[in-house]
*Asks:* 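There's a structure below that I have some questions on.
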Amino acid sequence: MASSTIPSPSPSFRRTITTTCSLRARSSIKPPMPPINPKDPFLSKLASVAATSPEKLLNRPPNSDTPPYLDLFDSPTLMATPATVERSVSYNEHRPRRPPPDLPSLLLHGRIVYLGMPLVPAVTELIIAELMYLQWMDPKEPIYLYINSTGTTRDDGESVGMETEGFAIYDAMMQLKNEIHTVGVGAAIGHACLLLAAGTKGKRFMMPHAKAMIQQPRIPSSGLMTGSDVLIRAKEVIVNKDTLISLLAKHTENPVETVTQVMRRPFYMDSTKAKEFGVIDKILWRGQEKIMADAASPEAWDKNAGIKAVDAI
C-alpha cells in the first residue's frame, strides 16, 4: 500500500493555532476576586438575585435612570451615617461624637480669663472679647483675670506691642459692670502690672512666688526713621509714661512722685513688696496665713537673740 504524505501546516497557520489556544487558556482562567464581606447587605442581595433570577441583571435597560443594581432595593441604604458606623472596640469605643471644647473655652465657662502672653494685638482682641462676653452672660457674677504677662515687651526688654494695647484692656475693665478679681501668677510686668492693680479693690491677689515689675515705656525700634519721626515717637512715649504713672498712683494709692521715683529704673516686687506698695490686697497662701501672721519680725528675733543693732560701722 502506497504511503500517503500529510502536508505540514504553514507557519502562518501555526501562529493562528497557537494564538487561539492561548486565548482559550486565558479565558478559562478567572480573574482574582477580592474577598466578599458576608455581612454586606448590598452584596448579599445581589448574590441572591443572581442565583434565583439572573435575567434581572442580564436584561437591564440600557438607559436607566437608576444607578446600576440600586433598583434591587426599595430604599437603598448603602452607606451608614457617621454616627452608626461600626467602630473598633480597641480604639473608637469611647470616641466622642463631637470634638471636645478647647481649653480657653473651658476656662471661660468658669468665668476665668487667662492672660499668659505679651500684649500684642491678637492677645488684646481675645482678652477684650472674653471680658465683654462674660459681662453679656451675667453682669453680676465676678470675672477672674489671671495674669502672667511681660506686658508690651519681652522678657529681655524688646518692645513687641504698642502701649495702647495695655490701655485698651484697662479701659475695657473699667467699663465692665462686673467685679474683676485679678490674680498674679508668674510675672506681671509693665502694663500687666497695671492690669493686676486695676482689679476690684480688695479682690486683687498674687501667688506667693509671683513677681511684679513696673518700668518706663520703651521706644520701639526706630530703624531707618528720620530724626523728626524719632522725636515724635519719643514725645508719645513720654505721654504714655505719664498716663501709666497716674493710673498706677490711682490704683496703688501712692503719690505720683513716689511712683515716678521708683519707675526711674525697673522696680521689681515680690508678693510681699507688691502688697506693701498697693498693687495687690492679699497673697494667696494656702493655709499659711496664720503661720506668717505669728512669725516674729526681724527686730523681735534680734532682740530675743540678744543681738544689738549697730547704728554705724
Side-chain angles (χ1 to χ4, degrees), residues 100-207 210-218 220 236-237 239-241 243-248 250-252 269 271 274 279-282 284:
D102 55 299
L103 186 57
S105 299
L106 292 175
L107 293 177
L108 199 63
H109 182 70
R111 304 188 65 82
I112 296 174
V113 177
Y114 178 60
L115 174 58
M117 296 183 66
L119 300 180
V120 295
V123 176
T124 304
E125 176 185 5
L126 177 62
I127 297 299
I128 294 178
E130 290 182 344
L131 293 175
M132 295 172 63
Y133 173 77
L134 291 177
Q135 179 186 237
W136 175 79
M137 288 293 293
D138 193 338
K140 297 182 180 180
E141 287 294 322
I143 298 173
Y144 305 93
L145 177 60
Y146 284 73
I147 300 173
N148 181 21
S149 173
T150 57
T152 57
T153 62
R154 297 186 310 195
D155 53 356
D156 59 356
E158 181 70 20
S159 297
V160 294
M162 298 181 63
E163 307 298 325
T164 51
E165 305 296 338
F167 292 141
I169 300 178
Y170 172 82
D171 291 338
M173 293 171 60
M174 295 298 102
Q175 294 297 324
L176 295 181
K177 302 177 182 178
N178 310 70
E179 284 189 353
I180 301 181
H181 300 190
T182 55
V183 182
V185 292
I189 297 176
H191 276 72
C193 184
L194 171 63
L195 300 181
L196 176 62
T200 303
K201 192 66 175 178
K203 305 295 183 180
R204 303 172 302 174
F205 307 98
M206 201 168 179
M207 294 295 182
K211 294 287 184 180
M213 188 263 278
I214 53 178
Q215 61 182 351
Q216 298 187 35
R218 298 175 181 269
E236 180 63 20
V237 169
V239 172
N240 292 333
K241 183 193 74 170
T243 304
L244 181 61
I245 289 175
S246 63
L247 294 177
L248 284 171
K250 171 186 175 182
H251 291 285
T252 60
M269 296 172 283
S271 56
V279 176
I280 62 172
D281 303 303
K282 186 177 180 181
L284 289 180

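When reading the values below, keep in mind they use all heavy atoms of this one structure, side chains included, and skip hydrogens, waters and symmetry mates. Note that the numbering runs from 1 along the sequence shown for the chain.
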*Asks:* Ignoring hydrogens, what is the shortest heavy-atom contact between Ile280 and Ser271? Give both atom names and the distance.
*Replies:*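 The pair with the smallest heavy-atom distance is CD1-O, 3.7 Å.
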*Asks:* Here's a test for you: under side-chain contact (heavy atoms from CB on, under 4.5 Å), which of Thr243, Val279, Ile214 qualifies with Leu248?
*Replies:* Ile214
*Asks:* Without swapping roles, check the side chain of Asn148 against the backbone of Ala187 for a donor-acceptor pair under 3.5 Å.
*Replies:*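 At least one qualifying donor-acceptor pair exists.
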*Asks:* Minimum heavy-atom separation for Tyr114 and Val185, please, with both atom names.
*Replies:* CE1-CG2, 4.3 Å
*Asks:* Counting only heavy atoms not in Met162, do more than 12 fall under 6.0 Å of its CE?
*Replies:*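 No.
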*Asks:* With Thr152, which residues qualify under side chain to side chain donor-acceptor pair (under 3.5 Å), at least two apart?
*Replies:*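 Checked Thr152 against side chain to side chain donor-acceptor pair (under 3.5 Å); matches are Glu163.
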*Asks:* Rounded to the nearest 0.5 Å, what separation is found between the NZ atom of Lys250 and the OG1 atom of Thr252?
*Replies:* 11.5 Å
*Asks:* How far does CG of Leu145 sit from NZ of Lys203, to the nearest 0.5 angstrom?
*Replies:* 15.5 Å
*Asks:* Got a donor-acceptor contact below 3.5 angstrom from the Ser149 side chain to the Gly116 backbone?
*Replies:* no
*Asks:* Please list, chain by chain and in numerical order, all residues satisfying ring-ring contact (aromatic ring centres under 6.0 Å, His included) with Tyr170, sequence neighbours excluded.
*Replies:* His251
*Asks:* Report the distance from atom CD1 of Ile169 to atom CD1 of Ile127, rounding to the nearest 0.5 Å.
*Replies:* 6.0 Å
*Asks:* Going by the rule side chain to side chain contact (heavy atoms under 4.5 Å, CB included), which residues pair with Met213 if we only count those two or more places apart in sequence or in a different chain?
*Replies:*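 With neighbours one apart ignored, the set is Ile189, Gln215, Pro266, Tyr268.
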*Asks:* Give the minimum heavy-atom separation between Pro118 and Val160, together with the two atoms involved.
*Replies:*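 For Pro118 and Val160, the tightest heavy-atom pair comes out as CB-CG2, 3.8 Å.
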*Asks:* For Arg204 and Thr182, indicate whether the former's side chain and the latter's backbone hold a donor-acceptor pair under 3.5 Å.
*Replies:* no
*Asks:* Residues two or more places apart in sequence or in another chain: which of them pass ring-ring contact (aromatic ring centres under 6.0 Å, His included) with Tyr144?
*Replies:* His181
*Asks:* Only counting residues at least two apart or in another chain, list the ones meeting ring-ring contact (aromatic ring centres under 6.0 Å, His included) with Phe167.
*Replies:* His191
*Asks:* Provide the closest heavy-atom pair for Ala188 versus Cys193 in the form atom of the first, atom of the second, distance.
*Replies:*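 Heavy atoms only, the tightest pair is O-CB, 3.4 Å.
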*Asks:* Which pairs, with at least one residue in residues 120-138 and sequence neighbours excluded, count as a side-chain hydrogen bond (donor to acceptor under 3.5 Å, both in side chains)?
*Replies:*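 Listed once each, the pairs are Thr124-Glu165.
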*Asks:* What's the shortest heavy-atom distance between Leu134 and Arg111, and which atoms?
*Replies:* O-NH2, 3.2 Å
*Asks:* Quick one: which of Leu131, Asn178, Ile143 gives a side-chain contact (heavy atoms from CB on, under 4.5 Å) with Met173?
*Replies:* Leu131
*Asks:* Please give me the minimum heavy-atom distance between Leu196 and Gly184, naming the atom from each residue.
*Replies:*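 Closest approach of Leu196 to Gly184, heavy atoms only: CD1-N, 3.6 Å.
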